[in-house]
Amino acid sequence: RRDSGDAMALAMLNFGPEVRTVRLRLPPGRWRRLLDSGEERFGGLGPKTPGVLSASRAGRAQMDMAPYGAAIFLRTSPTPPGAGPAAEAT
């Protein structure tokens, strides 16, 4: 989802009874976890998704989703780590 300021969000849902490895194609950059249904505040044992998800310049990322889990990520940077102007110049 994108707003007028170019902010983006990603919602992930796993309705299955087992852990799923998910391969994603996203706009490149860093994505910060906003919510994981496995967090203690929701009665879980702790989040299973990464705190920060990095999508490569090609827009590829991978993560595991807990059984019956949900997670929401917000893009915090449009540039993946190591892909800034200095990295492109080398």
Side-chain angles (χ1 to χ4, degrees):
R1 180 96 170 116
R2 186 185 312 222
D3 74 359
S4 62
D6 207 29
M8 294 184 196
L10 167 70
M12 300 288 301
L13 304 167
N14 180 6
F15 293 110
E18 60 270 331
V19 173
R20 295 284 184 191
T21 299
V22 182
R23 290 182 180 88
L24 304 165
R25 294 210 52 168
L26 300 168
R30 295 173 56 91
W31 296 76
R32 179 180 56 87
R33 183 184 64 228
L34 182 65
L35 176 144
D36 184 313
S37 61
E39 294 175 35
E40 292 87 356
R41 65 182 169 154
F42 301 119
L45 299 175
K48 302 297 183 210
T49 56
V52 174
L53 183 64
S54 293
S56 68
R57 276 205 239 170
R60 299 183 191 273
Q62 179 175 313
M63 68 177 201
D64 291 333
M65 285 293 300
Y68 305 111
I72 298 175
F73 290 83
L74 296 178
R75 190 166 80 156
T76 58
S77 169
T79 307
E88 292 173 4
T90 59

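A quick note: this is a predicted structure, and the numbers were derived from the prediction, not measured.
Looking at M63 and W31, their side chains never come closer than 4.5 Å, going by heavy atoms from C-beta outward. Using a 4.5 Å heavy-atom threshold, the side chains of M12 and L24 count as touching. A heavy-atom distance below 4.5 Å is found between the side chains of T21 and Q62.
At a threshold of 4.5 Å between side-chain heavy atoms, the hydrophobic network of Ile, Leu, Val, Met, Phe, Trp and Tyr places L26 and F73 in one connected group. Both M8 and L10 are part of a single hydrophobic cluster, where members link through side-chain heavy atoms under 4.5 Å apart. Tracing side-chain contacts under 4.5 Å through hydrophobic residues (I, L, V, M, F, W, Y), one reaches F42 starting from L34; they form part of the same cluster.
Panel note: side chain N14, backbone V19; no donor-acceptor pair is recorded below 3.5 Å. Without hydrogens or angle criteria, T76 side chain to R30 main chain gives a donor-acceptor distance under 3.5 Å. In terms of modelled atom types and a separation under 3.5 Å, the side chain of R75 and the main chain of G29 share no donor-acceptor contact.
Residues S37 and G69 come closest through the heavy atom pair OG-CA, 3.4 Å. What you find for A66 and K48 is that their closest heavy atoms are CB-CG, 3.5 Å. Taking all atoms of both residues into account, the shortest heavy-atom contact from A55 to A61 is CA-CB, 4.2 Å. G46 and E40 make their closest contact through CA-OE2, 3.6 Å (heavy atoms, listed as atom of the first residue, atom of the second, distance).
The CG atom of L53 sits 12.0 Å away from the CG atom of L74 when rounded to the nearest 0.5 Å. Atom CZ in R32 sits 13.5 Å away from atom OG in S54 (nearest 0.5 Å). Distance check, rounded to the nearest 0.5 Å: CE of M65 to CZ of F15 gives 9.5 Å.
Atom CZ of R41 has more than 12 neighbouring heavy atoms from other residues, nucleotides or ligands inside a 6.0 Å radius.
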